[in-house]
Each structure stands twice: as C-alpha cells, then as structure tokens.
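The structure presented is a predicted model; accordingly, all values stated were derived computationally and were not measured. Letters A, B, ... mirror the listed sequences (proteins, then strands); counts begin at 1.
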Amino acid sequence: MKIESLDLPDEIKRFYENSGILELYPPQAEAVEKGLLEGKNLLAAIPTASGKTLLAELAMLKSILAGGKALYIVPLRALASEKFRRFQEFSELGIRVGISTGDYDRRDEGLGINDIIVATSEKTDSLLRNETAWMQEISVVVADEVHLIDSPDRGPTLEVTLAKLRRMNPSCQILALSATVGNADELAAWLDAGLVLSEWRPTDLMEGVFFNGTFYCKDKEKPVYKPTKDEAINLVLDTIKEGGQCLVFESSRKNCMGFAKKAASAVKKTLSAEDREALAGIANEIMENSETDVSSVLEACVLSGTAFHHAGLTTPLRELVESGFREGRIKLISSTPTLAAGLNLPARRVVIRSYRRYSSDAGMQPIPVLEYKQMAGRAGRPRLDPYGEAVLLAKSYEEFVFLFEKYIEAGAEDIWSKLGTENALRTHVLSTISNGFARTREELMDFLEATFFAFQYSNFGLSVVVDECLNFLRQEEMLEKDSDALVSTVFGKLVSKLYIDPLSAALIAKGLREAGTFTELTLLHLICSTPDMRLMYMRSQDYQDINDYVMAHADEFSKVPNPFNIAEYEWFLSEVKTSLLLMDWIHEKPENEICLKFGIGEGDIHATADIAEWIMHVTAQLARLLDLKGAKEAAELEKRIRYGAAPELMDLLDIRSVGRVRARKLYEAGFKSTADLARASPEQVATLVGPKIAEKVFKQIGRKETVPESSDIESLEKGFPERQRTISDY
DNA sequence: ACGAGAGTACTTTAGACAGCATGTC
DNA sequence: CTAAAGTACTCTCGT
C-alpha cells in the first residue's frame with residue numbers, strides 16, 4: 001500500500017514522501033484496512049521496529065487536521081522525550097507538540113494549546129485528577145507499550161487511566177501498541193478494538209541458541225569465530241569482524257560492568273585509528289560529567305570500544321553511551337534490562353548472557369518470554385544490517401533444549417490485570433471519588449466495570465477489595481464518614497492531587513501527630529517508612545553499622561520495632577539505611593563517597609533524592625493542611641534534599657547556577673548570604689566560582705524575587721467545589 | 001618455600017512513575 | 001513450591 005493512496009491531506013503525504021517513506025509496511029497497511037484512518041479503535045501487537053510509531057502518527061495527524069487533539073501515553077520519561085523530539089518534526093505542518101512528565105513539564109493548562117501531548121501514564125492520571133480542562137478535547141489516545149498492564153506496580157494506573165479517558169470521552173479513538181502477547185485478542189476485545197497481529201519485521205531476525213561453539217537457529221546453524229576461550233567474547237568479536245555491533249544483556253550490574261571490562265582488551269584490537277580518536281572524545285565527556293569510581297571504569301572501557309549501561313549511571317552518562325553506540329564507535333554495550341524495554345537502540349547481534357533473574361521469593365527464575373522478545377527484538381538495525389541475530393547461551397544439552405523450546409518456539413505469555421488488590425486499588429478508588437467520577441458505591445462499581453480487570457475476572461472479584469479500600473479511606477478521614485454517598489474530604493482531595501498512596505499519607509499524618517520533637521532523622525525516616533519510597537538493600541556488612549546507629553539514635557525514631565521480630569526489624573533497618581543515605585546527601589558528602597559507602601551508583605543517589613523530595617513536599621503540605629507540627633521543618637528539608645545541602649546554604653541556593661558545591665565555596669569564603677554577596681567585590685567572587693558564573697550571580701542579587709508560598713491548600717478550599725464535575729457531566 | 005588448582009563458604013542479586021518550579025559542576 | 005554465579009578464602013599437592 002502506497003502513502004499516496006491513503007485518505008490523508010496532501011500536505012501529510014508530501015511530508016512523508018519528502019522523508020523517503022513511500023510505502024507502508026504490511027502490518028501498517030493492515031491497520032489502515034482495519035480503519036486506522038476512520039477513527040476505529042485498534043490494537044497493534046507487532047514487533048518493535050516494525051513501524052508502530054508511523055501508525056500512531058498517521059492516526060494522530062488525520063485526527064488533528066480534522067480539528068482534534070492527540071494524547072500519546074508512554075511508560076518512560078526517556079521514551080516521552082524521544083517521541084516528543086520526533087513529533088516536533090511536524091512543526092512544518094503547523095502542528096504543536098507538548099510534553100508532560102514529572103521531571104520535565106510546562107504548566108498543565110498551557111499544555112492544552114498543543115495538538116499532540118506526550119505524557120507518561122502516571123502524569124496522564126495526575127492530569128485527570130487535577131481536572132485539566134483540555135483533556136475533554138482529546139480525539140485520539142495512543143497507548144504505547146500497553147502490555148505493561150501486566151505490571152503489578154504500574155499496570156493498574158495504565159488501565160484505570162485508559163478507562164477514565166474512555167468514560168470521559170466515549171467517541172475518542174484508542175490506538176493501543178503492544179509487544180506480542182498471548183492474549184492480544186482479549187486485550188483488543190476490552191478496548192473494543194480491531195486487532196493487528198503480526199510477526200513481520202523490516203529486517204530478518206535469526207533467533208537461536210549457542211551451544212558447543214555453534215549458533216543453532218531454527219533452520220540453520222553456523223560456527224562462530226573462536227579467538228578466545230570466553231564464548232560470549234567470541235560472539236562479540238565475531239560480530240565486529242563482520243562489521244556489526246553487539247548488545248549483551250546481563251542480569252546484574254556487577255556482571256554487566258565485569259563483562260564490559262573483560263571484553264575490553266580483545267575489542268580494542270579491532271579499532272581503527274578513527275574509532276580511537278572518536279572514543280577518546282567520548283571518554284573525555286564522561287569524565288567531565290562525573291568523577292566517581294564507576295565513571296573511571298566506564299572511561300577505561302570506552303577507550304577500548306566497550307561500555308556498560310545500567311540504572312546506577314546518571315542520565316548524561318547513559319546518553320553518552322547510547323549516542324556513542326549509535327554513531328558506531330562503541331562496539332559493545334553490556335547492559336542490564338535498562339536497554340531492553342526503553343529506547344530504540346538496535347544492534348546487529350544481541351547476546352543474552354543470562355536468562356535468569358533473581359526474585360526474593362523464588363530465587364533465580366527464567367525471565368518471561370515477553371522480556372526475552374524485547375531483548376531479542378533489539379537485533380538488526382533496519383537499513384544498516386542485512387539481518388539481526390539474537391543469541392542465548394547454553395552450557396549443557398539439557399539447557400539448550402530448554403532454551404529452544406521456551407524462548408524460540410513458544411509464544412509469549414498472556415497478560416493479566418493486577419488491579420485486584422487493595423494496594424493497587426486504594427489510590428484509584430480515592431481519585432475516582434475525589435474527581436466526581438463516582439458519587440455512590442454503585443457508580444464506583446459501574447466505573448470499575450470498564451477496567452481490564454473486570455473484563456478478565458468480572459467485577460464481582462473487585463467488590464470485596466473495593467469495600468476494604470472504602471473502609472480504609474473512611475477510617476483515615478479521606479472520605480466523609482457518616483455519609484452513604486462517597487464524598488472525599490479536603491484531606492482526601494489533597495492526597496489524590498499530590499499523587500501519593502493514601503497509605504503513605506495516613507502514615508505521614510500519624511507520624512506527625514505522634515512525634516514529640518523532630519530532628520532531621522525523624523522526618524527522613526518518616527518518609528522512608530512510606531510505601532512510595534524505594535529502599536536500599538541491606539548487605540551483610542551493613543548490619544553492624546546500621547544497628548549501632550539505631551541504638552545511638554533510638555529516641556529520634558517514632559518507633560523502633562523489636563529486633564526479635566526479624567522480618568519487621570530487617571525492614572526497619574532498610575528504612576534506616578535509606579534515611580542515612582539521605583542524611584549524607586543533605587550534609588554534602590561527596591557523591592563518590594556516598595556511592596562507595598552504600599554500594600550504589602550516582603544515578604541511584606539522584607533517583608532516591610528525587611522520590612524523597614516529592615514525599616517531603618507531600619509531608620509539608622499535609623502538615624499545613626492538618627495543622628500539625630513539622631510543616632516548616634519538612635519544607636526546609638524538601639529544599640535541602642533538592643540541592644543536597646546543609647541549612648546554612650539555603651539562602652545562597654536561591655541564586656540560579658549556584659548549587660551545593662558553589663554555595664559551599666562561597667560560604668566558606670565568608671559570603672554566607674545574598675546580602676554578603678551584594679557587598680562583595682566581583683573579583684573575589686570570580687576567583688571562587690569563575691568570572692562567568694560570578695557575573696550571573698551579581699546580575700541576580702540585584703533583583704532577587706522571592707517565591708510565593710505554594711497555594712495548593714488555598715486552591716483546594718476556594719476553587720474546588722464549584723469546579724468539581726460529576727460523572728453525569730460526561 | 002611457593003604456587004597452581006581444587007574445593008568451599010560466603011555474598012549478592014533489574015528497573016523506575018509521581019509534586020513543584022526552573023537551571024548542577 | 002523456593003537459586004545461581006562470582007569471589008574470596010582455604011587446603012592440598014607437586015616442584
């Protein structure tokens with residue numbers, strides 16, 4: 001099917017023809033035949049890189065030029081910015097694109113002027129909770145990676161959000177994009193969608209198992225070049241020899257770094273002079289971005305043409321690795337599953353060195369077929385590689401047979417809704433009521449009828465859990481107690497709006513109510529005891545230290561559990577360990593020191609601080625609303641966590657381009673406040689932070705604006721009742 | 001006396017969304 | 001129902 005023959009305005013056809021796209025891929029053509037351009041709902045369950053994005057674009061553009069608005073929902077921030085950048089190319093068609101994620105965001109109402117909005121599923125949920133007006137104008141919703149409905153922690157949000165969008169806007173077209181799953185037909189039926197099911201790929205994929213020096217595929221086998229005694233390294237060298245690049249998946253960070261190091265010397269020998277020069281440039285940038293032990297290891301690897309990639313790396317470092325690979329300079333990336341689900345980063349050959357992954361309740365388990373397919377699907381760069389190869393490694397004949405049967409010949413698992421637990425449902429019950437989507441239990445059940453859970457299990461299964469949620473929310477005073485109707489309290493509305501788990505909010509309120517005096521530690525531990533926080537693992541060497549610390553600071557914790565209750569005490573120690581990480585951070589311990597002490601990467605510090613900052617913000621807001629002690633302390637800690645700095649630097653940190661390090665330098669030199677700086681000589685300041693920064697500093701302290709107090713509570717009290725919509729409005 | 005190699009005990013184990021208001025070194 | 005791989009350390013044996 002030709003682009004020219006599609007029912008689209010000429011300008012769109014010309015846009016694609018100019019970029020060299022003249023003809024649709026077979027699955028794309030099938031989607032068009034099934035009503036993609038006529039506003040029909042569709043589920044496309046097709047492999048990565050077989051043109052899902054184009055499908056979405058055609059549907060969105062068609063609808064927008066007819067006066068509509070498109071929402072593109074993704075699971076990852078990184079994916080949101082990738083799509084955002086791509087869709088910005090439509091600006092020549094006069095189409096405006098916006099992005100909304102937790103970290104990168106424009107004002108929500110202002111977002112509404114855009115024709116396409118890219119958002120994460122949680123952000124979409126949050127926009128719905130805040131009753132963002134433009135959401136009613138949406139005419140197409142694209143749900144990318146919709147198989148994530150199966151995920152226990154994030155799937156429920158996705159399905160509830162889709163159900164709400166459809167309820168609010170029944171005429172809206174849904175285009176769901178999914179990896180191949182066992183029950184795609186069931187998912188399609190839930191969405192009232194046509195199904196496009198295909199295994200077609202633009203580049204051939206040879207999947208197979210490597211055993212005894214030979215790569216066995218379904219219908220062929222080939223021997224592999226054998227210069228070293230490590231089979232995985234041989235597979236890498238074999239690929240490089242044929243002019244390709246290699247992606248190796250590992251199941252732990254340690255192994256992932258280990259393999260990149262191990263392969264380095266052999267890969268280095270294959271590099272051209274030109275490669276070496278480019279790699280030296282990348283290595284340089286790495287060192288400019290980070291000065292930890294891990295980044296030095298990465299630098300050494302990159303100089304040899306290898307790299308590793310995992311969530312312990314900061315975003316800039318990850319991006320350097322990704323772009324070095326895309327440019328063909330880095331020949332091998334050894335990665336944890338970070339790269340499997342995320343960005344589009346294809347390679348000639350993918351080697352899955354470890355198909356098992358640890359889970360705390362069942363030990364090492366084979367990964368699901370769906371995850372294997374995501375990794376294998378990275379093999380083969382369209383237009384650059386003649387074919388792609390996905391290789392599993394077997395150590396014995398039994399394993400060889402097992403791998404072949406499980407991953408190559410069998411299909412992917414079915415996906416199952418995970419909405420049916422109190423933990424998953426609690427927050428969505430509250431937000432549904434708080435928004436006016438449901439005013440009675442009947443309306444609530446009626447709404448939940450539209451979820452994938454109800455579709456799969458019938459919503460009878462939800463009834464008991466819903467009552468548990470309602471009881472909890474009433475008991476915690478997030479819902480009015482003595483009303484048969486479902487009415488959220490001001491507290492409940494704030495909890496819903498701040499996007500925190502109601503259980504976290506209840507724990508925070510209780511902690512603030514019961515605490516006598518607050519130290520930094522009290523508040524940090526309070527937020528770490530919340531289910532929204534992500535905790536550090538305890539290593540065997542940690543027990544002694546953390547335990548001693550608990551003994552020394554026992555009076556600063558709201559409650560220390562009995563050490564004989566092993567499970568509970570163990571959990572408590574993890575909370576304390578995480579609190580101590582945050583303590584070091586807000587006391588300006590250097591990043592590398594924190595990494596070594598806690599056995600984590602720089603990326604983990606920032607991720608932990610990011611969540612902590614959010615929950616501390618929530619704590620301050622809740623304390624203010626409920627008139628509890630600690631509001632001021634929490635607000636100060638929120639800011640300290642944002643910058644990772646001690647309290648005496650707070651004034652200096654209001655200056656832009658002054659962070660924890662520069663502020664400390666200025667402070668130690670005697671400039672303890674903006675007022676001190678106003679009296680300082682420019683030369684003095686320039687020697688401390690450099691002339692450019694000094695200039696910026698002086699520009700600002702002349703006209704320093706104070707930030708107005710946040711207005712969450714006021715807007716709730718004033719603005720909400722009359723703005724509140726009910727289900728009958730839709 | 002020293003070192004290679006086998007055997008053993010111990011340790012560790014992926015990823016990542018959200019609020020708010022704008023720029024770290 | 002319920003793990004495995006890497007590593008650090010120890011022991012043994014041969015030179």
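- Here B:dA14 presents its P atom at 14 Å from CD1 of A:Ile367, a figure rounded to the nearest Å.
- Between the NZ atom of A:Lys639 and the C1' atom of B:dG19 there is a distance of 17 Å, given to the nearest Å.
- Here the P atom of nucleotide C:dG6 and the CZ atom of A:Phe259 are 12 Å apart, to the nearest Å.
- With centroids closer than 5.5 Å and planes inclined by less than 30 degrees as the test, A:Trp614 and the base of B:dA18 pass as a stacked pair.
- With respect to A:Arg660 and A:Glu588, no salt bridge is recorded, no charged nitrogen being found less than 4.0 Å from a carboxylate O.
- Rounding to whole angstrom units, NZ of residue A:Lys261 and P of C:dG6 are separated by 14 Å.
- Partners of A:Thr228 by side-chain hydrogen bond (donor to acceptor under 3.5 Å, both in side chains), not counting sequence neighbours, listed by chain and number: A:Asn234.
- Counting only Watson-Crick or G-U wobble pairs whose defining distances are both under 3.5 Å, the stems of 3 or more consecutive pairs in DNA chain C are B:1-13 with C:3-15.
- Taking the ring-ring contact (aromatic ring centres under 6.0 Å, His included) definition, one finds that A:His587 meets it with nothing, sequence neighbours left out.
- Considering only residues two or more places apart in sequence or on other chains, A:Ala143 meets the side-chain contact (heavy atoms from CB on, under 4.5 Å) condition with A:Val146, A:Leu162.
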Considering only nitrogen or oxygen atoms on both sides, find all protein atoms under 3.5 Å from nucleotides 1-4 of chain C and state each distance.
| residue | atom | partner | partner atom | Å |
| --- | --- | --- | --- | --- |
| C:dT2 | O2 | A:Asp361 | O | 2.0 |
| C:dA3 | O4' | A:Met364 | N | 2.9 |

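- Residue A:Gln621 has no polar side-chain atom (N or O) positioned under 4.0 Å from OP1 or OP2 of B:dC20.
- Among the protein residues, A:Val658 comes within range of the sugar-phosphate backbone only, with heavy atoms under 4.0 Å from sugar or phosphate atoms but none that close to a base.
- Not counting sequence neighbours, A:His428 has no partner by the ring-ring contact (aromatic ring centres under 6.0 Å, His included) test.
- Nucleotides B:dA14 and C:dG6 are separated by 14 Å at their P atoms, to the nearest Å.
- There is a side-chain donor-acceptor pair under 3.5 Å between A:Ser504 and A:Asp532.
- Residues satisfying the ring-ring contact (aromatic ring centres under 6.0 Å, His included) test with A:Tyr372, not counting sequence neighbours, are A:Tyr407.
- In this structure, CE of A:Met538 is placed 14 Å from C1' of B:dT11, rounded to the nearest angstrom.
- Under the side-chain contact (heavy atoms from CB on, under 4.5 Å) criterion, A:Tyr643 pairs with A:Lys639, A:Ala645, A:Leu653, sequence neighbours left out.
- The side chain of A:Arg662 places an N or O atom within less than 4.0 Å of a non-bridging phosphate oxygen (OP1 or OP2) of B:dC25.
- Remark: A:Glu131 does not engage A:Lys497 in a salt bridge, criterion side-chain N to carboxylate O under 4.0 Å.
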Let me check something: any side-chain donor-acceptor pairs from residues 362-371 of chain A under 3.5 Å, sequence neighbours excluded? List them with distances.
| residue | atom | partner | partner atom | Å |
| --- | --- | --- | --- | --- |
| A:Gln365 | NE2 | A:Ala362 | O | 2.8 |
| A:Glu371 | OE1 | A:Arg357 | NH1 | 3.3 |
| A:Glu371 | OE1 | A:Arg357 | NH2 | 2.3 |
| A:Glu371 | OE2 | A:Arg357 | NH2 | 3.0 |

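- Side-chain proximity of A:Glu371 to the nucleotides B:dG19, B:dA14, B:dT11 is greatest for B:dA14.
- Considering only residues two or more places apart in sequence or on other chains, A:Asp293 meets the side-chain contact (heavy atoms from CB on, under 4.5 Å) condition with A:Asn592, A:Leu596.
- Remark: B:dT22 base-pairs with no nucleotide in the shown strands. Criterion, Watson-Crick or G-U wobble with two distances under 3.5 Å.
- Residues satisfying the side-chain contact (heavy atoms from CB on, under 4.5 Å) criterion with A:Ser121, sequence neighbours excluded, are A:Ile73, A:Arg154, A:Leu158.
- One interatomic measurement links the two molecules: CZ of A:Arg426 to P of B:dA18, which rounds to 20 Å at whole-angstrom precision.
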Pairs: protein N or O with nucleotides 15-17 of chain B N or O, under 3.5 Å:
| residue | atom | partner | partner atom | Å |
| --- | --- | --- | --- | --- |
| B:dG15 | OP1 | A:Ala311 | N | 2.8 |
| B:dG15 | OP1 | A:Thr336 | OG1 | 3.0 |
| B:dG15 | OP2 | A:Arg253 | NE | 3.0 |
| B:dG15 | OP2 | A:Arg253 | NH2 | 2.9 |
| B:dA16 | N7 | A:Arg534 | NH1 | 2.8 |
| B:dA16 | N6 | A:Arg534 | NE | 3.4 |
| B:dC17 | OP1 | A:Arg77 | N | 2.9 |
| B:dC17 | O4' | A:Glu122 | OE1 | 3.4 |
| B:dC17 | O4' | A:Arg154 | NE | 3.4 |
| B:dC17 | O4' | A:Arg154 | NH2 | 3.0 |
| B:dC17 | O3' | A:Thr120 | OG1 | 3.4 |
| B:dC17 | O2 | A:Glu122 | OE2 | 3.4 |
| B:dC17 | O2 | A:Arg154 | NE | 3.4 |

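- For A:Asn255 and B:dT11, the CG to C1' distance is 13 Å, given to the nearest whole Å.
- Between A:Glu250 atom CD and C:dG6 atom C1' there is a gap of 11 Å when expressed in whole angstrom units.
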